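In what follows, a structure is listed as structure tokens, so that the remarks can point back to it.
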Amino acid sequence: MANKKSNKLSDKLNDIFYNVQFNRTSHKRYIKQLTSIKEEYEEELFLNEFISCLKVPLATDKTHPSIDNTLEFAAKFAVSSYPFDKDSCESMPPFLENLFTFILEHLNAKHSYIRFHLCHFLNMLLNSMGEHAFLDDTLCDKIIVNMMDRLLDVSHKVRAQAIFALHRLQDPLDENCPVIKVYIFHLTKDPNVHVRKAVLRSMAKNQKTLYAALSRIRDVNYIVRKMAYDFISKVTIRSLKIKQRNQLLNEGLKDRSDVVREYVKTVLLPTWLRYFNGEYKDLIKAIDAEIGTDVSILALNILFKNAAPDQLIVQVPIDETTKLIPVEKLSSENSLYWRCVAKHFHTISCFDLLERILPELSNFCKYINDFLTMMSSKSFEQWEKRTHQFILLQLFEIIKFFDLSDEAGRNNLRELILNVLLTNHCSEKIIECVVKYFENVVPDVNQRIDLLANTIQTLRMPMKDSMEIVPEISAKEKHQNDMERARLRVQILDLQEEEYTAIQNKEYLKAEQINEQRNKIDQVLMKMSETPKPCITINDCVIEKEKNDSETMIKCLSIMCSMMRAKSIKTLVTTLRCLLNVAISSLDHPNDRVHVLALDALGIFCILDKELARKHIFTFLLQFSLEQEKQDIWVITLKALFDLLTCYGVDFFDIKKVNNDDSANQSNKRNKNIKLFGRKEEEEDGELTDCTSQSINQIQNPDIMKILIGLLDNANQDLRNVATEGFCKLIINLRISNCSFLLSRIIVMYFNPANSDDAYLCQCISGFFELFLKKVPTNQELLEEAFFPTLKIISNAPDISPLQEINLYEVAVFILKLTSIRGDRSNMNTYCVHNNLAFAILAEILNLDSKINKDVLIKCLKHLDIQIDDKLSQKNLKDGIEKVLLLVKKFDKRLISYVERFKNKFYPNNSVVEPQMEETETDDSDTEE
């Protein structure tokens, strides 16, 4: 009788479970039917039969909508008899409690698909409980403990479902919530993209999880990055710091994925704008106009595309009659917004709209003069001066949208620009802006150069109305001053050498005392350099002799650099040659910024005249030996050197060739100190001399390329990046021959985990290889030559080197793909690199002394595309393959399949054994874009 009853119940449940799998609309009806059936039978019997039916979808080794429908029905029915109300005092029904017990007991099932379905069903149960559901603490702890174990599951699908199952058990108000802690861990550490996506979809929002989501906007997978932005878009902008807001927009709007960029444009930005009720100026203020100027402009340009023109004009706080913002109401936000609106109308060629927000050019020039008068009216705090300079820059940017056909307005603008350069309110950005635009105001090259040169002359020799005559310094006194300055410079060099020796001997107290002495001498030297010069009188006007204080020289050199960068200047006219002396005389200025600008100017002069370049190439090299702790000077020097080498070629300067082996031996080292001329090189050269004579010897017989290549491993990121970018330019512009060793260094830098956070370097190298394949005719031969040296650099790296973490196989495949004949490349080179590499790789495998991992070399065989026609080569290749097969059979039979498959490319009759899979579960690696 009991069996009949059980069979009858089983038939009923089977029918219901069969019917609910097709659609969800019938679930409500079958829940009522199943509830009435449950009341007819004993609790234990019904539970057993219910679980028996439930095991069918749980044990299915695939995912299908019918399985989801069945499990969802079971979850809805299980919670249908329990209210889950916080005011209810009822205990959990035994049926539901036993169902939870059944799930938790089988979560360690052998098969991953069963564990997956159990986690999925548990998630459905918790989701079916409603918004105000509650669970017993004991049951919650059991679920959390068991799900924590599933978060360590070998299958990423199970881990992802465990993430979903835990999302209702997290408490964002609890700082020590274990669920949130494990969410953050898997978001930042889990190697699988699906798990990280599950975390972002499930994680509650608090300060900790917000920081974790911010770190994922740089995730390798674009879907994770998009979901990170989605997570952040649901957090109010007030919860983010200004730096974080800038980072989000800057990286989101420039993301390499169209999906991410589009999401930031259409969701995140409009969400933030709605938070400020559509007020663009408030959004700019939240980003900080002065700090995030570029980001603000980029964001406004995107928002303006979908905005009505009238809506934009209304928010420009201009006076209707003057079409100007009152000077006293100018701020960083409204000036930047004014500029962006004007640029938007100018870009879309709506000149009638532009006229509604801008006055005539002459009136606008007078407006800027009024603002300059206000800036000079009284003394302001430093932060106020910076704000005024920012506003002034925006006003000059707006001038670019005026029509210069108005001759009167153009003349007023010319006078305005020349006058503003003479004021004390010009920042370097303002100088760059106005001098660059001055090319449009004064198109004639000679006239423009003369006007700006006169401005520089006036800045250095201002005229004052005065009858007082300062006595002129005698030649003897001038000579004494020059000798004293030279003596101090030599003394500084001696102290630098003593300080370096003290550090090497670990006498740090002595080194600190020497450093203090050197700083005192630096101050004395600076005072001597900035001592006011004597002046002479002409017609009751006093003309001071060449001012060379820091502020004046920064302004003059900035004007000079901006002026000479104009494309219309192609040769050194007489006026420019006169200005050359200003740049050269500023090279020994004690102020670092003056020194940097002087080097920049000298570099531009050398680009315009090859004889100057040949003459002053050693001036740039001198900076490395004299300025041992000034990275800004080294960076600008490096840029100038690489510009000159790119422009004229390496051979033009009679530069020594670098031995490939020497450069390769240095690849595993990264200089921890800043000194370029290391002690090792000095000792190899022979007898040590003092610092001054050593510098002279190095300059007279320079090894420029060795110095520059050494910077590829410099600890300073800026120097390393400039050096890498410079060599990439030299290679692409065919300015350096036999550069396979440089290619090896660049490839190693690209894969070096120490550079993984250096986005600029990685993008630079990625772009380089795209151009390298298109522009360098011998790219295939060079990559072939770089193949084994690259692998040897990594294989021979010391145990403590970060190069040990590089996946050697990935590096090898990267080079092989670049040389693949199946690659879609524009060069017409028919040279088949893989023919040579096939023989070389087989020989390296057979070489018992080789330090390159033989597993890597054998796996590389499957990536070779070989086209061998002559029979002798085919026979030699076959012999090599047979020898490798014999060797592989001795030390690792798992690799036989790779050799067999390579062999089968030429001999189709061979049976191919597919490579054995080392992992039983699906791959947990990231999915690249």
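Just so it is clear, the structure is predicted and the values come from calculations on it, not from any experiment.
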I need the minimum non-hydrogen distance between [X] and [Y], along with the two atoms involved.
{"X": "Ala165", "Y": "Cys119", "value": "CB-O, 3.8 Å"}
{"X": "Leu200", "Y": "Ala228", "value": "CD1-N, 3.7 Å"}
{"X": "Arg225", "Y": "Asp219", "value": "NH1-O, 2.7 Å"}
{"X": "Ile845", "Y": "Leu857", "value": "CG1-CB, 3.7 Å"}
{"X": "Lys265", "Y": "Leu253", "value": "CG-CD2, 3.8 Å"}
{"X": "Ser795", "Y": "Leu808", "value": "OG-CD2, 3.6 Å"}

May I ask you to decide if the ring planes of Phe22 and Tyr18 are parallel, tilted or perpendicular, using 30° and 60° as cut-offs?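 Rings of Phe22 and Tyr18: perpendicular, over 60°.
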Hey, can you tell me if Phe95 and Phe77 have their rings parallel, tilted or perpendicular (30° and 60° cut-offs)?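 Rings of Phe95 and Phe77: perpendicular, as their planes differ by over 60°.
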Is atom CG of Asp61 surrounded by more than 12 heavy atoms (other residues, nucleotides or ligands) closer than 6.0 Å?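 Above 12, so yes.
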For the residue pair Phe50 and Phe17, is the inter-centroid distance of their aromatic rings smaller than 6.0 Å?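 Yes, ring centres under 6.0 Å apart.
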Is the backbone of [Y] close enough, under 3.5 Å, to the side chain of [X] for a donor and an acceptor to pair up by distance?
{"X": "Lys208", "Y": "Glu175", "result": "yes"}
{"X": "His186", "Y": "Val195", "result": "no"}
{"X": "Asn48", "Y": "Glu44", "result": "yes"}
{"X": "Arg901", "Y": "Lys862", "result": "no"}
{"X": "Asn19", "Y": "Asp15", "result": "yes"}
{"X": "Gln244", "Y": "Lys241", "result": "yes"}
{"X": "Lys226", "Y": "Val260", "result": "no"}
{"X": "Gln170", "Y": "His167", "result": "yes"}
{"X": "Gln804", "Y": "Ala797", "result": "yes"}
{"X": "Glu97", "Y": "Leu139", "result": "no"}

Quick check for you: to the nearest 0.5 Å, what is the distance between [X] atom [atom1] and [Y] atom [atom2]?
{"X": "Leu71", "Y": "Asn123", "atom1": "CG", "atom2": "CG", "value": "11.0 Å"}
{"X": "Leu166", "Y": "Asn146", "atom1": "CG", "atom2": "CG", "value": "10.0 Å"}
{"X": "Thr271", "Y": "Arg274", "atom1": "OG1", "atom2": "CZ", "value": "4.5 Å"}
{"X": "Leu122", "Y": "Ile103", "atom1": "CG", "atom2": "CD1", "value": "5.5 Å"}

Heavy atoms, side chains only, cut-off 4.5 Å: are [X] and [Y] in contact?
{"X": "Leu125", "Y": "Leu96", "result": "yes"}
{"X": "Arg245", "Y": "Trp272", "result": "yes"}
{"X": "Leu210", "Y": "Leu240", "result": "yes"}
{"X": "Asp865", "Y": "Leu816", "result": "no"}
{"X": "Asn853", "Y": "Tyr809", "result": "no"}
{"X": "Asn246", "Y": "Lys243", "result": "no"}
{"X": "His120", "Y": "Asp68", "result": "yes"}
{"X": "Gln247", "Y": "Val295", "result": "no"}

So, Asp153 and Arg150, do they make that salt bridge, N to O below 4.0 Å?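 Answer for the salt bridge query: yes.
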Output, in order, the C-alpha distance, side-chain angles, deciding distance and verdict of side chain to side chain contact (heavy atoms under 4.5 Å, CB included) for Thr63 and Lys157. CA-CA 11 Å; Thr63 57; Lys157 292 182 179 180; over 6 Å; no
Side chain to side chain donor-acceptor pair (under 3.5 Å) for Asn69 and Ser66? Distances and angles first, verdict last. CA-CA 5 Å; Asn69 289 342; Ser66 60; over 6 Å; no
Does the structure place the NZ or CZ of Lys142 under 6.0 Å from the centre of the six-membered ring of Phe100, at an angle of no more than 45° from the ring's axis?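 No - Lys142 does not lie over the ring of Phe100 by the 6.0 Å and 45° rule.
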Classify the side-chain pair [X]/[Y] by whether it contains a donor and acceptor separated by less than 3.5 Å.
{"X": "Asp230", "Y": "Tyr263", "result": "yes"}
{"X": "Arg115", "Y": "Ser112", "result": "no"}
{"X": "Ser766", "Y": "Tyr750", "result": "yes"}
{"X": "Thr138", "Y": "Asp141", "result": "no"}

